[in-house]
Protein chains: 2
Amino acid sequence: MNVMVSVKPDTSGLTETDGTICWNRATRLREKGDALQNKSKPVKRDSIRTQEKILAAAQAEFARRGYDGARVDAIVARAKISKNLLYHHFRSKEDLYIRVLERTYETLRRRQGDIPLAGLDPIEAMRRLCESTFQVFVEEPDVIVMLNTENLHRGKHISKSPIIRALYDRLSESLRIILKDGEEKGVFRKGIDPVELYISMSGLGYFYLSNQHTLSLLFNRRLRDPENIARRQAHIVDMVISYLTRIPEEGDWTPDLVR
Amino acid sequence: MNVMVSVKPDTSGLTETDGTICWNRATRLREKGDALQNKSKPVKRDSIRTQEKILAAAQAEFARRGYDGARVDAIVARAKISKNLLYHHFRSKEDLYIRVLERTYETLRRRQGDIPLAGLDPIEAMRRLCESTFQVFVEEPDVIVMLNTENLHRGKHISKSPIIRALYDRLSESLRIILKDGEEKGVFRKGIDPVELYISMSGLGYFYLSNQHTLSLLFNRRLRDPENIARRQAHIVDMVISYLTRIPEEGDWTPDLVR
DNA sequence: TAGATAACTAACTAATTAGTCCAATAATAA
DNA sequence: TTATTATTGGACTAATTAGTTAGTTATCTA
C-alpha cells in the first residue's frame, strides 16, 4: 500500500533560465479569475501565435539540451501552456523537433541569402561573405546546436525535408559569381572548388563557436568575449583571402590532389 | 533434478501469486552451477579486461548517441556483461561518461603528440601537422562526437579534469617551434597567433567531418569517400600554408584586428 | 585449505517521460 | 444560435531507465 502521491510540480529545465518559475499555475489562475470578473483582459485566442510560442520554446530547449536531453514538459513550461495544447498543435516530440529544425534552416537561408554584394570588388565581396557567415553563427547560436544534433542523428530528419537544398542554391550562386569575377580580374587563383571553400569559410567560425567551451578551457581564453570574436572574424577573413589570392606556381609547394 | 531449466529470462509462471514463487532463483542457480561443474567451463575473471570492455562499449554508445541518448542497458549489452557488474566497476552513468571522455582526450593527446617533425623545414613540418591533425579526426570519429557532446553540456565534466591541459602543452610546443623557425627563415609571416592558428587547423577538418551528414545532403557529395577525404586534406594544407606564407604589406587588404 | 574478498548474475524498484483520456470553458466563425 | 476550435487541467498509462538488492562463484591469501 504505497500509493505514490507526488504533489510537487516538476520545474526541471526551468530553474536556471530565469526567476519566473513561480508564475505558473497560481498566477495564471488568478489572471483567469480577474478576466472573468473584470472582463478587462479577455484571453485572446491565436493559434498561430501559440504555435510560434511553442516553437520558440522548443527551439530554446532543443538547442540547450539536444534532442534526447530535451523534455517535452520543459518546453511546455517555457511556453507557459498546457501539455495538451502542445499535442493539439504538434503530433509528437519528433514532429516538433523537425519543425524547429526546418525553422533553423530557414533562418540560415534568410540570413545567408540577404547579403548585398553587387558592385563590390571580389576581395571586398568575399570579405563581406566571410564576415556575415561568421556573424550568423555568432548571433544565432541555436543554429549550431541544432546542426550538431541533426548530425548526431546522421541527418535522419533533414533528409526528408526539401528546405535544405534551397539554402545552398542561393549561397552557391553568390559564391560562384564572386569567384568567377575574381578569377577574371586576376586577383583570385583559378580552379577553386566552391564546395571546399564554403565548408572552410563556415568551418573556421563554426568550430570556434561550437567547441567554445572545451577550447576556452584548453587555451584559457574567453572565446565569447567581443574582442576575441572580432579577432576571430579578422583571422577568418585573412585566411580565406590569403588562400584565394595565392596563385600557385609550377613546382610550388601546392599539394597534389591525391597524395 | 527434474525441474525445468530455463536459460532465457522467462516471464511465464514466475509472477503468479500462489505458492510456486519460491521455485525460481535458488534452484535455477544451483542447476547452473552443476552444469558448470560437469562441463568444467571455468569462467575467467579479469577485472581490468572487463573494465576495458565496459569502457569500449560505453565509448561506442556515447559516441553514437551522445550522453542523453546513450542507454546503460545498451552499454551492458554491447559489453556482454550484467548490469550490476557495470555498477560494480563504475559509480554511475555520469562517472562512466567522464572516464570515456578522459580516454578521448588521452587518444587525442597521444596521437597529436607523436608526430615526428624535427629536422623538417617549416613548411613541410606544418604540412605534416595539418595532415596529422585531420587524420586524427578521420581515424577516430568517436572523438568528434565526444567533444560535441561535452560542448553541448558546456564543458561541465571536462572542467574538473586535469588531463585536458596537458594535451595542448605538447601540441602548442610543436606549433611554437615551427612558427618561430618559419618566421626566422622568412617563409612565414610574423605575429601569428598560435591559438587562432590551432583552432583554424582543427576547425577546417572538424567541421567537415562533424557535419558530414548535413553537408553531404546539402552538396550531394559523399564527404566520407576516400577521394573526398584526400581532397579535403590537400585543401586544408593549401589554406593553412597560404595563410602562413602570405606576408601582408603596408596598405594591404589585411583587416584590422578590430574593425 | 579455509575463508575472505572481489567478480559476477538475475530480478527487482523507484522515478521519469512521452503521450492520452476525459471533462470542462471560452472565443470565434457560420 | 450553433458548431467549431482553442485552451486548460488533472489524472492516467505504458514504456523506459538508472540504479539496487540479494544472491552465486571464482580467485587470492593467510
Side-chain angles (χ1 to χ4, degrees), chain A residues 2-10 12-13 24-26 28-29 31-33 35-36 39 41-51 53-54 58 61 65 67-77 79-97, chain B residues 6-11 14-15 21-37 40-51 53-54 58 61 65 67-77 79-97:
Chain A
N2 52 353
V3 181
M4 182 178 57
V5 181
S6 176
V7 187
K8 203 201 286 185
D10 181 32
S12 66
N24 286 357
R25 201 172 299 162
R28 191 158 48 209
L29 287 174
E31 287 187 356
K32 198 175 164 188
L36 278 174
K39 291 181 182 177
K41 227 188 195 179
V43 178
K44 285 211 172 168
R45 300 193 157 192
D46 189 338
S47 74
I48 291 172
R49 264 193 63 189
T50 301
Q51 287 180 53
K53 240 173 36 179
I54 296 171
E61 176 71 7
R65 320 215 184 265
Y67 180 79
D68 295 296
R71 297 287 162 251
V72 173
D73 285 330
I75 295 170
V76 161
K80 290 166 186 165
I81 51 142
S82 68
K83 199 171 180 178
N84 275 334
L85 190 51
L86 187 148
Y87 283 102
H88 179 69
H89 290 296
F90 300 92
R91 261 192 297 189
S92 63
K93 182 186 180 184
E94 192 183 5
D95 178 40
L96 187 52
Y97 167 79
Chain B
S6 172
V7 182
K8 285 178 187 174
D10 68 348
T11 53
L14 262 184
T15 50
I21 313 162
C22 54
W23 174 83
N24 50 18
R25 203 174 295 160
T27 310
R28 189 161 48 208
L29 288 174
R30 181 152 36 75
E31 289 207 355
K32 189 182 169 189
D34 290 344
L36 281 174
Q37 281 175 7
S40 66
K41 231 195 279 171
V43 178
K44 282 210 175 173
R45 296 186 164 194
D46 188 337
S47 74
I48 290 172
R49 266 193 62 190
T50 301
Q51 287 180 53
K53 243 173 32 179
I54 295 171
E61 177 71 7
R65 319 213 186 268
Y67 180 79
D68 296 296
R71 297 289 161 246
V72 173
D73 284 330
I75 295 170
V76 161
K80 287 168 187 164
I81 52 144
S82 72
K83 196 170 183 180
N84 194 36
L85 188 51
L86 186 148
Y87 285 101
H88 179 70
H89 290 297
F90 301 92
R91 263 193 298 191
S92 62
K93 181 185 180 184
E94 194 183 4
D95 178 40
L96 186 53
Y97 167 79

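Lettering of chains follows the sequences in order, A, B, ..., and the numbering in each one begins at 1. Both backbone and side-chain heavy atoms feed into the values below; hydrogens, waters and symmetry mates do not.
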Output a table of nitrogen or oxygen pairs between the protein and nucleotides 28-30 of chain D separated by less than 3.5 Å.
none

List for me each residue that meets side chain to side chain contact (heavy atoms under 4.5 Å, CB included) alongside A:Ser92, sequence neighbours excluded, and say none if there are none.
-> A:Glu94, A:Asp95
Qualifying salt bridge (charged side-chain N to carboxylate O under 4.0 Å, His left out) pairs with a residue from residues 84-93 of chain B, counting only residues at least two apart or across chains = none
Calculate the interatomic distance between A:Leu86 atom CG and C:dG19 atom P; express it in whole Å.
-> 9 Å
Looking at residues at least two apart in the chain, or sitting in another chain, which of them share a side chain to side chain donor-acceptor pair (under 3.5 Å) with A:Tyr97?
-> A:Glu150
Nearest-Å distance, CD (B:Glu61) to C1' (D:dT17)?
-> 13 Å
Compare the minimum distances between each of C:dA7, D:dT8, D:dA18 and the side chain of B:His88, then state the nucleotide with the smallest one.
-> C:dA7
Residue list, side chain to side chain contact (heavy atoms under 4.5 Å, CB included) with B:Ala77, at least two apart or on another chain = none
Rounded to the nearest Å, what distance is computed from the CG atom of residue A:Asp73 to the C1' atom of nucleotide D:dG9?
-> 14 Å
In whole angstroms, how far is the C1' atom of D:dG19 from the CD1 atom of B:Ile54?
-> 15 Å
Are the side chains of B:His89 and B:Leu85 in touch, meaning some heavy atoms are under 4.5 Å apart?
-> yes
Residue-phosphate contact under 4.0 Å: B:Ser47 side-chain N/O, C:dA7 OP1/OP2 = yes
A:His89 has its side chain closest, among D:dA18, D:dT7, C:dC8, to D:dT7
Hey, does B:Ala74 reach any base, or is it just sugar-phosphate, or nothing, if we go heavy atoms under 4.0 Å?
-> nothing
Presence of B:Thr50 side-chain N/O under 4.0 Å of C:dC8 phosphate oxygens OP1/OP2 = yes
Listing time: all N or O pairs from protein to nucleotides 11-13 of chain D that are below 3.5 Å?
none

For atom CG of A:Leu85 and atom P of D:dT8, their distance in whole Å | 5 Å
Under the side chain to side chain contact (heavy atoms under 4.5 Å, CB included) test, which residues partner B:Lys83, sequence neighbours left out?
-> B:Val72, B:Asp73, B:Val76, B:Tyr87
With respect to the phosphate group of C:dA18, does any side-chain polar atom (N or O) of A:Arg71 fall under 4.0 Å of OP1 or OP2?
-> yes
